[in-house]
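Convention: sequence-line order gives letters A, B, ...; per-chain numbering from 1. FYI, side chains are in, hydrogens and waters are out, and symmetry mates aren't considered; it's all heavy atoms of this structure. The shown structure was predicted, so the numbers you read here are calculated from the model rather than taken from an experiment.
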There are 2 protein chains.
Amino acid sequence: MSSPATTVPLLPDAIYEQLRSSILNQQDAPGSSITESAVTLRFGVARPTARTAIERLVTEGLLRREAHHTARVPELSRDDIVDLYDSRAIVEGAAIAALASGGTIPAEALSAHRELQAGGENAPFATQDIAFHRALVAGQPSARLSRMHALLMGEIELCIGQVQVNQLLTAGEIAGQHQGILDAVTAGNATLAEQLTRAHIHGSRDRLLGHFDARSAP
Amino acid sequence: MSSPATTVPLLPDAIYEQLRSSILNQQDAPGSSITESAVTLRFGVARPTARTAIERLVTEGLLRREAHHTARVPELSRDDIVDLYDSRAIVEGAAIAALASGGTIPAEALSAHRELQAGGENAPFATQDIAFHRALVAGQPSARLSRMHALLMGEIELCIGQVQVNQLLTAGEIAGQHQGILDAVTAGNATLAEQLTRAHIHGSRDRLLGHFDARSAP
DNA sequence: TCTGCTAGATTGTCAGACAATCCGGTTCAA
DNA sequence: TTGAACCGGATTGTCTGACAATCTAGCAGA
C-alpha cells in the first residue's frame, strides 16, 4: 500500500544517518579515513551530496577534518573523554535543574526509562540511555541549552558505545541512577536533581577512564 | 609583488562574513527575509554557494528558517534574551573558572581590554567587548566549552549591538567589570572569577531587558 | 642517504538544471 | 457576502558535472 514506487531518491539525510550509525558501530573504525569520493561510490550519489553529509558529521564531532585533508573518524584521547564528560555534566546538570524547577518529565524519557528497566541486567543499554538523556534535556524550556547539549551528544555516543561493548556498566545500574534523577525532578528538587545528574555522568566517565588506563598500560 | 591579478574568486567565507556583518549592522533588519536567490544576485555567485553561507548563519543562530521557507533575520523575544544570557552565564562562567584554576590570560584578551579602556567613556564598545569574551574562553583548555560558547556568541552579538546603540552601558563600566574578572583569574580564584563573570553577564542582560520592557509598554 | 620534483589523489568552489513545496490572489459555490 | 477550493509564481531541495587549488607519496638525482 501507501505510496507505490515513489522511491524518494534518497535524501542526503539518509547518507548522514547511514554514515553515523556506521561510525557508532565501529564499522568505520576510529582512525580510518572517509573520503568524499568513497562516500560517493558507497551510496551512488554526487560528491557535493556526500560532502554535505560529511560536513554535518564534522560539526557534530563524529568526524574530524582540516582544510584539504580527508575526514577521519576521531580516536578520542583520554583528555577528550575528560573534557567531553565534564562539559556534559555542566550543561546537562543545568538543564535537569531547569526541568526540576520548571517543567514536567517528557513522555519519551519515561518510555526510554521503562525499556531500559525491562531489558534486564545484561541487555544492551546504549540506545535507551542516550534516548533518555536526550529526551530529558529536550523537554526543558531553554532552547540554547538543548542546542549545546546536542552538540555534545554525538561524541558522547561514541563513548557510551565503548562502555556498553566492554560491559563497564550494567543496564540495572544505569536504570537505578536514572530513577533517582526522575524522582528528584518530580519532587521539584533542582539542587538534588543537578547533583545526581552530575554524579551519574562522572560515574560513567570514571568507568570509561579506568578501562582506558587499563588498556593503555599493559 | 605578491600575486598580481589572482583575484581569488571569493570564498563562500566572504559571503558568510558580509552577510554576517550586514545582519549585525541591522542593514538587514530583524524580521526581513533573505532568500537564496537574493544572496545569489547580491554577490554574483551560484545559488549553492549562497545556500551554504545561509546554512552556516542558521546554525549560528543569526538566521532562522524552517523547511521550504525563506530564511529570516530573527526578532529576539524577551524569552530569547533571557535564555541566551542565562545559558551564556552557565557556559562562560564554567570556562572562566577553568581558566582561573588552570591557564593563563591570552594576549588577545588583554589587547581587547586595553583598547576598550583607551576608547574612553562613550566610545563604541561592542567589538572589543565581544573580542574580550571570545578570547578569554578560547584561551581556556576545554575545546567543547569553547565550541558551545561560540554557538551562543552569534546571537549575543545581536544583543550587544542593541546595548551599544541605545547606550544602555558605557565602555567605562564594561572595562571596569572586565578588570575585576581579569584580577580574579590572575589571582587563581576560580570561584570569584566565575561569580564575577555571571554577574557581568546578568547585569548586561538586565539592562537590555529594562530597555526591552520600556519600549514594549509605551 | 638525503633532497627536490613530478604525478596521482583529494578537496574547494562553481554553474546550471529539474522536481517538490509553499504562498498569494482569484474564482466558484453555498 | 462569505467561505473554501484552485491555480500560477516564487522559493527551496536535490542532483549532475566540471575545473582549479592543494596535498601526499613515490621516484630520480646528487
Side-chain angles (χ1 to χ4, degrees), chain A residues 1-20 22-23 28-75, chain B residues 1-20 22-23 28-75:
Chain A
M1 312 265 140
S2 70
S3 46
T6 43
T7 58
V8 185
L10 273 200
L11 298 317
D13 280 350
I15 298 174
Y16 161 79
E17 287 291 351
Q18 290 247 24
L19 271 182
R20 181 186 165 84
S22 183
I23 292 169
D28 291 290
S32 63
S33 54
I34 298 187
T35 70
E36 297 181 359
S37 352
V39 175
T40 296
L41 291 178
R42 188 161 150 196
F43 297 97
V45 296
R47 193 158 65 84
T49 309
R51 182 183 174 76
T52 62
I54 289 177
E55 275 171 355
R56 220 155 130 194
L57 289 165
V58 168
T59 68
E60 268 194 51
L62 286 176
L63 286 178
R64 289 183 189 172
R65 93 187 303 178
E66 29 191 350
H68 294 284
H69 285 251
T70 303
R72 307 184 81 85
V73 182
E75 313 183 68
Chain B
M1 304 270 147
S2 70
S3 44
T6 44
T7 58
V8 185
L10 277 198
L11 300 315
D13 280 350
I15 299 175
Y16 162 80
E17 288 291 352
Q18 291 246 25
L19 271 182
R20 180 186 165 84
S22 182
I23 291 169
D28 291 290
S32 63
S33 54
I34 298 186
T35 70
E36 296 181 1
S37 353
V39 176
T40 297
L41 292 177
R42 186 162 153 195
F43 298 96
V45 298
R47 194 158 67 82
T49 310
R51 182 182 175 77
T52 61
I54 289 178
E55 276 171 354
R56 221 156 128 191
L57 290 165
V58 168
T59 68
E60 268 195 50
L62 286 175
L63 286 178
R64 290 183 189 171
R65 94 187 304 179
E66 28 192 350
H68 294 282
H69 285 251
T70 304
R72 307 184 81 85
V73 182
E75 312 183 67

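The two atoms that bring Pro74(B) and Pro30(B) nearest to each other are O-CB, 3.6 Å, heavy atoms only. Nearest approach of Ile23(A) to Val73(A), heavy atoms of both residues: CG2-CG1, 3.9 Å. Closest heavy-atom contact between Ala50(B) and Val39(B): CB-CG1, 3.4 Å.
One distance of note links CG of Leu57(A) with CG of Leu19(A); it measures 6.0 Å at 0.5 Å rounding.
Contacts with DNA chain C (heavy atom under 4.0 Å) in residues 53-66 of chain A: Arg65(A), listed by number.
Under a 3.5 Å cut-off, the side chain of Arg72(A) and the backbone N or O of Gly31(A) do form a donor-acceptor pair.
Taking atom CZ of residue Arg51(A) and atom C1' of nucleotide dG13(D), one finds them 18 Å apart after rounding to whole Å. dC23(D) atom P lies 16 Å from atom CZ of Arg72(A), rounded to whole Å. Atom CD1 of Ile34(B) is separated from atom P of dT11(D) by 13 Å (rounded to the nearest Å). Taking atom CD of residue Glu36(A) and atom P of nucleotide dC23(D), one finds them 15 Å apart after rounding to whole Å. Atom pair Arg47(B):CZ and dA17(C):C1' shows a separation of 10 Å (rounding to whole Å applied).
Residues meeting the side-chain contact (heavy atoms from CB on, under 4.5 Å) test with Glu36(A), sequence neighbours left out: Arg47(A), Arg51(A), Ile54(A), Arg65(A). Every residue meeting the side-chain hydrogen bond (donor to acceptor under 3.5 Å, both in side chains) condition with Ser22(A), not counting sequence neighbours, appears here in chain and number order: Asp28(A), Arg42(A). Residues satisfying the side-chain hydrogen bond (donor to acceptor under 3.5 Å, both in side chains) criterion with Arg56(B), sequence neighbours excluded, are Asp13(B). For Ala38(B), the side-chain contact (heavy atoms from CB on, under 4.5 Å) partners two or more places apart in sequence, or in a different chain, are Thr35(B).
Candidate nucleotides dC18(C), dT11(C), dC14(C) were compared by shortest atom distance to the side chain of Pro48(A), and dC14(C) ranks first. Distance from the side chain of Thr49(B) is smallest for dC14(C) among the nucleotides dC14(C), dT13(C), dT14(D).
Distances shorter than 4.0 Å separate some side-chain N or O of Thr70(A) from OP1 or OP2 on dT11(C).
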Give me, pair by pair, the N or O atoms of the protein and of nucleotides 22-24 of chain C that are less than 3.5 Å apart, along with how far apart they are.
from: dC23(C); atom 1: OP1; to: His69(B); atom 2: ND1; distance (Å): 3.1
from: dC23(C); atom 1: OP1; to: His69(B); atom 2: NE2; distance (Å): 3.2

